[in-house]
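These notes concern the structure reproduced below.
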Amino acid sequence: MSATAAPKRAEVTAELALDRALWWIDRPRDTSAWLWIGGRSGSGRTALLREVVARHPAAVRVDCVGRSAEEVAREVATALGIAATDSFDDNFATMTRRISDDPVVVLANTQWAGRLRTSREPVRVLDEVARTLIRHHRRGLRMRLLIEVDDAQATAAELGGRHLTLQGSFGSLPAFAEPDGDTALSYALRALALAEHRFVPMPVWSLLCSALGRDVPESRLDSLLGDDAAGEWIHRSDDGTGTPLVSFKQEAVARQLRTQMPAEEARSWHARAVTALSAADAPEATRWYARRALAGHAAAAAGQFEAFLKDMAAVAGVCHESLFEAFEAAFHGRPIPQGSAGARLHYLARRGVRPSSQGEWLALLHLALMQAGPTEAAAADRLLSAAGPVALPWRTLWAEGVGAGVFSTDALVRRPIVRTLRIVHTPTGDLVTARTRHDHIGTWDLATGAPRPEPGETTDASGTTQADQGPQGWRPAGAAGGEVDLPCMPQYIRRGVRSGHRIALASMDGVCVVEVNQSAGQEAAPGRLLKRLVDTDTKLARADLPTPALAPTTDWLTDVWGSAAVKRFPQETLPAALSDIGAREFLSAVGFPCVTGFLELDTTGLADMGLRPIAEPFGKPDEADEADDAESTYFSLGNWQGARLLLDGRDGRVLQDGSSGIDDELAGSSLGQFVAMVRLYYWWRASDWSIEDTESDVRHWLNLIDPQAFQTQGWQRVFEDYNFDDRS
């Protein structure tokens, strides 16, 4: 990429800006570069970019108004002729590397991206589309990228690289809120500015005024529109069916008015607006607005979005585009609590859930709720009840497995990989059976999901269609191409078998059965894969440390290792030289895991031989190290990472003897802390993960349990796969 000039804040005329932009585009000695086009509203940015496109007919121009970063990325890719945008491994960065020509790309109106006023889409367009084009294009490509940005705060000069800031603006804002800020007009204008959708029905405008603390009837609002002060700034229109709408003629007015309200006051107002807009008996005009804007109000009301996501009637009533946009805004810079409704939306976004219709979205959300297990069954039912007139193309009858983010450290997380999925006919009814490459996973009743014994000799149900999810959607099982009449699904759904209007699906989480709504019609062409090119910006919070980790119990240990592996040592059998009360109590009341096969840990000898005193704990290990008398205060627990693992009977610390070359001797500040760390590590390593980034959580947990031991070389080494012989 070519070197760029240092930013300058000088403004230029539109004519000079056009000359400079055209000269820069045609400058032959530059390789790929970019140009930020700034200037306040009305300064001529739009006309400049249109002229650029007119001079370069092959230029790609994408207008970002009202579009998400995902939609902008897709339109750019399509306009550049990049095929197969929906495939397993593609994101916008990988697609950018496939640009082969020397394009001129214009991103217009990035400042108005998104559907909501509480939106991060303008920033996401810059970060996830514009900067991706800058960073990931093929070396040697001669790309010209022009990006229009709002320059109210000299944005273009601050973004880095070449920029042009145009002179002029639409004019000064009216002083309608001061000095008298308590007029009906003042409340009306502020309420309209705080609306989350640019276009507001008259009844909703009145409702928003009431939420602000001043009742302004529709008739009064209608008369206000006749005043010169309001008419200069407010525009009348309709929704195409005759419903009257109002909006600001200049969206910048709304933006400035929003900044004038104190943040806490604005958040309280948005919370009241959420309540008012969520009324069950709301008229159609309110529902029209709520579908487009309610999620934005919930995002703008601090701490309200999680409660909003739990309200299935509210979620079902908002369009999925505004829901995901509000989600990005609500959790920007605020980690999402694990196990929450927000976390579910995070996983859906990460897994590429990008529906083509409201019905498809509700079907996918219902599937996620069913996969979350019995705790979300009631929410799944409420969602179906709230769908109302929206026709779901299919709905989930039952799901078996472990959904994304749905796990507990109380048991290993089992997600076996389904290699064979069948719908079979038996005398007692049709069944679904799933197998790994070698083992039987489970058998369930096709209609109810009730577990059934593994069937003996069976025949496939008549007319079944077997399918695999290929790089670009469903294809016949075992075939390299072709299409199958199955609903479009995200990538984590891997196999499907259709019998009539019921389809068994195998995912990375488990097995489920969905039922096709024959009367809903085809939602999208077969062969489409649900995929996002732009990833979510949201992050999950660290998981809380499991309570048993601070005081391990026998049950917590046997939950993952089984009762045979956990040996208790009655107090009377423990050596007298083991004087640490905590270690004696732990060994007798809780027990110690006699295990091997991970962490290069082997404590199985304890099961038969018990605690053996070691005469020379830090000398060269050999048979003579075992003490014949009971005077030694060090006891062998087994081996760890090529060294002897010892219990110091005086203070209860767990140590390694240094014979492997690891200098740090501490393995655990107490027996209980060491066992808790080993247990949590084993749970993580032995579990099946499809998407959760649990390694960072486990590291955090171990550090909380025993920060001194966790910082040692021995514990830091356990996360380095290449070091371990027993790492599968």
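We number each residue from 1, following the sequence as shown. Quick note: numbers below take in every heavy atom, side chains included, and nothing from hydrogens, waters or symmetry partners.
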Between Lys310 and Glu376, is there a salt bridge with N-O shorter than 4.0 Å?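 Answer for the salt bridge query: no.
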Under 4.0 Å between a side-chain nitrogen and a carboxylate oxygen: does that hold for Asp509 and Arg351?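 Yes, this pair counts.
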For Trp288, is the NZ or CZ atom of Arg292 found under 6.0 angstrom from the centre of its six-membered ring and inside 45 degrees of the ring axis?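 The answer is yes, since Arg292 meets both limits relative to Trp288.
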On the six-membered ring of Trp34, is Arg144 placed so that its NZ or CZ lies under 6.0 angstrom from the centre and within 45° of the ring axis?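 Not satisfied by the 6.0 Å and 45° rule.
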Taking all atoms of both residues into account, what is the closest heavy-atom pair of [X] and [Y], and its distance?
X      : Y      : result
Ala254 : Phe248 : CB-CD1, 3.6 Å
Glu360 : Cys488 : OE2-CB, 3.9 Å
Leu22  : Arg55  : CD1-NH1, 3.1 Å
Leu383 : His366 : CD2-N, 3.6 Å
Cys512 : Thr396 : CB-CG2, 4.5 Å
Ala252 : Trp112 : N-CH2, 4.1 Å

Assess whether side-chain hydrogen bond (donor to acceptor under 3.5 Å, both in side chains) is satisfied between Thr118 and Arg258, documenting all intermediate values. CA-CA 10 Å; Thr118 297; Arg258 287 171 76 99; 3.2 Å; yes
Does CZ in Arg699 sit with more than 12 non-hydrogen atoms of other residues, nucleotides or ligands closer than 6.0 Å?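 Count over threshold, so yes.
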Does Asp101 CG have over 12 foreign heavy atoms under 6.0 Å away?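 Counting other residues, nucleotides and ligands, CG of Asp101 stays at 12 neighbours or fewer.
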Any donor-acceptor N/O pair, Gln338 side chain to Leu540 backbone, under 3.5 Å: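 Side chain of Gln338 to backbone of Leu540: no pair is present.
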Taking the side chain from Glu148 and the backbone from Asn109, do they hold a donor-acceptor pair closer than 3.5 Å?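 Between the backbone of Asn109 and the side chain of Glu148 there is a qualifying donor-acceptor contact (under 3.5 Å).
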Do Gln518 and His501 meet the criterion of a side-chain donor-acceptor pair at a distance under 3.5 Å?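 The criterion, which ignores hydrogens and geometry beyond distance, is not satisfied for His501 and Gln518.
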Which is it for Glu121 and Ser68 under the side-chain hydrogen bond (donor to acceptor under 3.5 Å, both in side chains) test, yes or no, and what are the steps along the way? CA-CA 6 Å; Glu121 294 312 297; Ser68 66; 4.7 Å; no
When the aromatic ring centroids of Trp684 and Phe719 are compared, is their separation below 6.0 Å?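 Yes, close enough.
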Please report the C-alpha distance between Glu196 and His297 in whole Å, then the side-chain angles of each, then the deciding distance to 0.1 Å, and finally whether the side-chain hydrogen bond (donor to acceptor under 3.5 Å, both in side chains) criterion is met. CA-CA 6 Å; Glu196 282 297 317; His297 286 292; 4.8 Å; no
Apply side-chain hydrogen bond (donor to acceptor under 3.5 Å, both in side chains) to Thr538 and His346, showing your working. CA-CA 7 Å; Thr538 60; His346 168 84; 2.8 Å; yes
I'd like to check Met508 versus Arg494 (side-chain heavy atoms, cut-off strictly below 4.5 Å). Are they in contact?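 Yes, their side chains come closer than 4.5 Å.
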Among Lys539, Arg124, Arg120, whose salt bridge (charged side-chain N to carboxylate O under 4.0 Å, His left out) with Glu328 holds?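 So the option named by the test is Arg124.
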